[in-house]
Structures are given as structure tokens and as C-alpha cells.
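Residue numbering restarts at 1 for every chain, and letters A, B, ... go by the order of the sequence lines.
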2 protein chains.
Amino acid sequence: MGEAEQLSLGSRTALFREGQPARHVFTLMHGTAKLTRLLPDGREQVLGFRFAGDVIGYTGGETYLFAAELLTPATLCRLERGRFDALMRRLPALERRFLDLCVQELAATQDQLVTVGRRTAEARLAAFLLQLAASRRLRLETGTVLDMPMTRSDIADFLGLTLETVSRGFTAFRRRGWVREPSHNHVELLNPRALTELIEGAACD
Amino acid sequence: MGEAEQLSLGSRTALFREGQPARHVFTLMHGTAKLTRLLPDGREQVLGFRFAGDVIGYTGGETYLFAAELLTPATLCRLERGRFDALMRRLPALERRFLDLCVQELAATQDQLVTVGRRTAEARLAAFLLQLAASRRLRLETGTVLDMPMTRSDIADFLGLTLETVSRGFTAFRRRGWVREPSHNHVELLNPRALTELIEGAACD
DNA sequence: CGTGCTATTGAGAAAAATCAAACGTGGTGG
DNA sequence: CCACCACGTTTGATTTTTCTCAATAGCACG
């Protein structure tokens, strides 16, 4: 794909906003982004986070259905929508791949719906941390300490909570020795098992 | 598509369960179904409702990622997975159509995430009722009275609430004259505008 | 005409939000 | 280089929302 430009952008840059004409499809080469829906009163719902290797901004229609914002400095490939569509028409395998990708994203969003709709604050946070760990494993990154570039507020907007509740959750996990924060923007899961049990077994034991 | 069988099934029949091998793809010809994820403790999250014309049970992988259950007696077309895949391979247009469909479902699930994650109980209920009305409009059905075959408990499991909270919501809407329930399993939206405002403008006015 | 299910209503408890204050930390400019 | 400032975070007290538990009422079906 020699047709794509390469970009390097700073932290907190907006890739695009909800409702804008969908002019580009991006691939995140390095860095982290969040996808969000804005509410009329200014609050936002984070739909998900995206990491190195993820494709961002594919839409069936003419406009983006959500906003994308970088959480870290990042490098991306940017492909014009027209070229993307042409590529798609030319290569049925690509279309196939995007269908699979879309099914996967749908499943992930359904997971998130379960988490937000039916779990307690601490269980939501546990699910988020385990998700982070799993997505990192998928990217074959080594080491036990996770990058966590999102703020408490980002996490809260992802989990349908307030930032205070998220903060209290981290404090609780730290006190129980389930989690360690060796430095700003880094977490280590010391007891993933306990986090899993918090999610599955509703009660204590 | 002469390859599909036609089925007539009774209310509350399970089409398939979460985790089962995905042997069929269904098209709902008449009736209503709910798609659900089961939680370890027996509670469930409703992922969505499906109506006449909707395709149910397409999965990328080998197993269903959620369960599907009829809420009413229904007639369906059932196509074997192998035949479905063959059809897909033969007809690129079909693949294209399923990609669009998947993108749409993704957007709908993201909407639902916003509703469950960031709205009050009454706003969630309002969003649900307006969604019902919109989906009915898409199906070009006439009349102002909506079929609502789902129980309070189904609605609660969709909105991340309890059935009592849903019931109180209906009572409140009825008292305000926003909604009427002419008979069991039917609703009429007397003031859709008020419902919209409840969702958008957080406050009273 | 019961009987079982769904829905409503109420009272009290629990979870999370809100409001408020203080803390730490990294970055900036003097 | 240090002090200060802005921002994210933590923590606490209180309020609000929603859940839970419980009892009653309404309906459809047999």
C-alpha cells in the first residue's frame, strides 16, 4: 500500500470528530487512541481504545459515527477514503477481512455492553484491566507491566462510571495487593485470578 | 434461495444458545426475538431485539456468541451454515451486504452502550421506546400503536436496570401522559417529543 | 374459577454520584 | 535551578439513584 501517507501526531490530537465526512481510514502504527461518542450535555462515552496495528475510521456511510482522539503521541498511516474504497473493490479478500474485523468489533462491543449493563463498579474495572492485558498479549508485547495512557476520567467514560469511583476502585485493588502502579501510566496485575473471580463470582468467598 | 427451510416456532423457543456450534443462519419472517448473553450468576444482558426481516445468527467463527430466543410465535427461514458460506463465496454482493449490515449493527450496539453507560433510568426507557418506534417505521408498518412483546424483565435486561425500575418508569410516563398502554403488549407514544427531550436535555424545563 | 405469571407499588438498603477539599507531580517560566 | 502552577488523582462527607425485598394486584389460560 504505497498509497498511504505516514503521520506523526502529538498526544491528545483529534483524528476526526463524530459527524464529520469520513475522508480517511487510519492504521495506528504506534501509540494509543480512544473512540468516543459525545452527549448533548458534553459528557462522553468511550466506545473503546485502539492500539498499534488497529484500523480506525472505517465506516459504511459518508460520515464518522464517533470521534477518535490520540492518548499518546502516535504514528499512523492515513489512506484516502476513495482509494480505500477502490482497494476494497479490487480485492475481495480485503472485504472479507474487514467483515471479520467488523464481527470481532461487534463482539467486543457486546462484551462491553455486558460489563457496563450488568456489573458492579469494581467488576467493571477488573474487566477493563484484564482486557488491557489481553489486548497487549495479542500484540505479543512482553513484560508484565502494562502501559495505561488513559486517565481515570477516560476509564470512567469507558465503564459508565465517574472518575472518583474508578479512583476508589484502583485504591481498593492496590490495598488488596491485586495491582501495582510502578509509575505514572503503568499498571501491573499482581493477581489476575482475583480480578477474574471478582467478575465471575458475584459474591465474596 | 430455495435452499432454506421454512419454520414455524412457538413463543419463548430458543433458536440457539451462546457457545453452541453455529450450524444455521436464520431470517425472521414474522415475529420478534431477543439476543442475549448469559452471565455466570444466571442474569442476562439483552444485546438487542430482532424483528421481521432481520437476519439472526451470522458469526465469523464456529460458535454462536450469544443466544437467540423468540418472544412471540414466529416464522423463519433457516439456512445451513455450509450453504450460507458457499453462497457468500459465490456472491461478492452478498458479502458486501453483510459487511454493511455488520457496520450497522455495530453502530446500534454503540448507541446502546451510550444509553446504558451514560443515561438515567428514565432516559434509558425513553431511548428504548423511541428505538422501537423507529425500527417499526423502518419496517414501514402503519398505525401509532407499537407491538411490545417483551416483558418488563426483558426490557430491564436490555437497559441494565431491574424490572421494578422499568415498571416505575412506565408508570411515570403514563402519569405524565407521554405514553398509553391500550392493551397488554402494546404501547402508544403520545408525546415522543417529551421522550426525546428527556434523553437530550438532562434537566427539566 | 382457580392458578401461575407478569406487573405494580412501597419501604428500606446499598451502590455510585456528587460536592468539596487536599495532595502529588510534571512541566514551565522566572 | 527552583518555585509555582495546572492538572490529574486521591480521599472524605453527603445525597441521589437504583436495587432489593416484600406484598399486592391484574390477567390470561387452563
Would [X] and [Y] pass as an ion pair if we require N to O under 4.0 Å?
X        : Y        : value
B:Arg193 : B:Glu197 : yes
A:Asp157 : A:Lys34  : no
A:Glu69  : A:Arg12  : yes
B:Arg119 : B:Glu200 : no
A:Arg23  : A:Glu62  : no
B:Glu44  : B:Arg37  : no

Considering only heavy atoms of chain A and a distance under 4.0 Å, specify the first and last nucleotide of DNA chain D in 5' to 3' order that meet this criterion. D:dT9 to D:dA13
Grab the [atom1]-[atom2] distance between [X] and [N] for me, whole Å please.
X        : N      : atom1 : atom2 : result
A:Glu181 : C:dG24 : CD    : P     : 15 Å
B:Asp157 : C:dT6  : CG    : P     : 13 Å
A:Leu163 : C:dA17 : CG    : P     : 10 Å
B:Leu71  : C:dC5  : CG    : P     : 17 Å
B:Asn185 : C:dA7  : CG    : C1'   : 12 Å

How would you label the contact of [X] with the nucleic acid (heavy atoms, under 4.0 Å): base, sugar-phosphate, or nothing?
X        : result
A:Gly169 : nothing
A:Arg174 : sugar-phosphate
B:Leu161 : sugar-phosphate
B:Ser167 : base

Identify each atom pair where a protein N or O and an N or O of nucleotides 18-21 of chain C are less than 3.5 Å apart, giving names and distance.
| from | atom 1 | to | atom 2 | distance (Å) |
| --- | --- | --- | --- | --- |
| C:dT18 | O4 | A:Arg168 | NH2 | 2.9 |
| C:dC19 | N4 | A:Glu164 | OE2 | 3.1 |

B:Phe158 vs B:Phe49 aromatic rings, parallel, tilted or perpendicular, using cut-offs 30° and 60°? perpendicular
How do A:Arg118 and A:His184 order along DNA chain D: which one's closest nucleotide is nearer the 5' end? A:His184
Cut-off 3.5 Å, side chains only: do A:Arg139 and A:Ser135 have a donor facing an acceptor? yes
Assess the residue pair A:Phe98 and A:Phe84 against the criterion (ring-ring contact (aromatic ring centres under 6.0 Å, His included)); give the C-alpha distance rounded to whole Å, side-chain angles, the decisive distance to 0.1 Å, and a yes or no. CA-CA 12 Å; A:Phe98 264 82; A:Phe84 174 84; 5.2 Å; yes
Return the 5'-most residue of the pair A:Ala121, B:Arg175 with respect to DNA chain C, ranking by each residue's nearest nucleotide. B:Arg175
